[in-house]
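Bear in mind that the values here come from a model prediction, so they are computed numbers and not experimental data. When a ligand or atom number is given, it counts from 1 through the structure's own listing order.
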Amino acid sequence: MKKNNIGLNTVCTHIGEVKDEQFKGAVSPLYMSSSYAFDDVEVKRYPRYFNTPNQEALSKKVAALEHTEAAIIFGSGMAAVSTSLLAFLHKGDHIVLQNALYGGTMNLVLEEFHKYGIEYTFTKSLDVKDFKKAIKKNTKVIYIETPSNPLLKITDIRKVAKLAKKNNIVTMIDNTFASPVNQLPGTMGIDIMIHSATKYFGGHSDILAGAVAASAEHINQIFQLGKNLGGSLSDFTVWMLERSMKTLGIRVKEQNKNALKLANYLEKHESVAKVYYPGLKSHADYELAKSQMSGFGGMLSFELKPEYNVSKFFKSLKMIKPSMSLAGVESTMLSPTKTSHALLTPEEREKQGIADGLIRFSVGIEDKKDIISDINQAIKKSKKK
Ligand SMILES: *Cc1c(COP(=O)(O)O)cnc(C)c1O
């Protein structure tokens, strides 16, 4: 754990920046070289070694945000997830994974792990008791993701971390949904924080990237595999990401505010059956969320009542974009039934609590009244005749 006493927005704006000694420009210069001197230098630099000036600058910012010693930047969230997992799992090892995970992470485990002889167990629920039950003698990693997608369920970070420590198991969290603005798992005992930087870090729906923050030792272990797998990020995109992250704090805080207001509004709405948002007192895990999050995030889900046609609703939206992905400054919505959970049978979806009318809502920074008026005009048009 590395304590940092610098304020969040100052970290976002300044930490890591490369000083422009030559021209005294205000921002980090962009170094696009893929070739650096090998002789008479301290560090042999090469983009695939994650050590160009811009890559190092951004790593420092991510580490400071997550209060860790070190960080490493990847070409995508999945490169960050896969490299981290495989760096700590070898043939014959076992991993315990939370049962509600990002679809890409599920696919990685289900489609690839058997090829490497890695055993896995998905927990029955998010309750720490089920994590305990799933641990075996050869368990090397516990992997969680909270709040979960798409129902925003909460896993008890402190309890899982404690359980893992007792059993000498490395813990990883996908901290994408909360972002370090709202949740600092490293301060609650989690070892490795993973991000799809495509989401809140980027924040403008125009960057594909990933990041991992942890102790220097853990990051080095991930780096050793990372340089062989080759999932680093090009410097231009690294530089774009550094720029985007300067506003991470103010963007996410605005999204927290909007999402909380909208969750409250939708919960009282006559056309809405249910709202899932950890910041609502009606949320099953509200108290737990409050104990481990400083803000509740920009993601919420809601269910339209059966008398509304969801496809018609999406087609009727004017400002809010029906689209995959999330966390941009613009509001977007998607139907889990038609996207992330399309391959499940209706019965399997029902078992997971994913109704046909469920809408996942990535709340942007637009003015609340404009978001509400768009939702309401679309609801009006989608009433079944
Ligand atoms: C998008 C996402 C990922 C994967 O990230 P990519 O940048 O698309 O590779 C992983 N975890 C979560 C929670 C995500 O939302």
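Not a single heavy atom of V81 sits less than 4.0 Å from an atom of ligand 1. Using a 4.0 angstrom heavy-atom cutoff, A209 counts as in contact with ligand 1. Within the structure, the closest approach of L208 to ligand 1 falls below 4.0 Å when heavy atoms are considered.
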Which is it for K115 and E112 under the salt bridge (charged side-chain N to carboxylate O under 4.0 Å, His left out) test, yes or no, and what are the steps along the way? CA-CA 6 Å; K115 298 178 195 168; E112 308 297 334; 2.8 Å; yes
Show your working on side-chain hydrogen bond (donor to acceptor under 3.5 Å, both in side chains) between E267 and S282 and close with a plain yes or no. CA-CA 9 Å; E267 194 171 40; S282 59; 2.4 Å; yes
Determine whether E330 and S205 satisfy the following criterion, side-chain hydrogen bond (donor to acceptor under 3.5 Å, both in side chains), listing intermediate values before the conclusion. CA-CA 8 Å; E330 56 284 311; S205 308; 2.6 Å; yes
Output, in order, the C-alpha distance, side-chain angles, deciding distance and verdict of side-chain hydrogen bond (donor to acceptor under 3.5 Å, both in side chains) for E254 and N258. CA-CA 6 Å; E254 198 61 27; N258 259 355; 5.4 Å; no
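Looking from atom 13 (C) of ligand 1 to the surrounding protein, the closest heavy atom is D174 OD2, 3.4 Å. Nearest protein heavy-atom neighbour of atom 4 (C) of ligand 1: Y102 CE2, 3.3 Å. At the top of the distance list for atom 6 (P) of ligand 1, counting protein heavy atoms only, stands G77 N, 3.4 Å.
Between F177 and ligand 1, no N or O atom pair is found at a separation short of 3.5 Å. At least one N or O atom of S196 sits closer than 3.5 Å to an N or O atom of ligand 1.
Taking the ring axis of F313 as reference, the NZ or CZ atom of K338 does not stay both within 45° of it and closer than 6.0 Å to the ring centre.
Between F302 and Y277, a ring centre-to-centre spacing not shorter than 6.0 Å is recorded.
Between E348 and K351 no salt bridge is recorded (no basic side-chain N to carboxylate O distance below 4.0 Å).
For atom 14 (C) of ligand 1, the nearest non-hydrogen atom from the set H195, E145, M78, K199 comes from K199.
For ligand 1, the atoms sitting less than 4.0 Å from at least one non-hydrogen atom of T198 are 6 (P), 7 (O), numbered in the order shown with element in parentheses.
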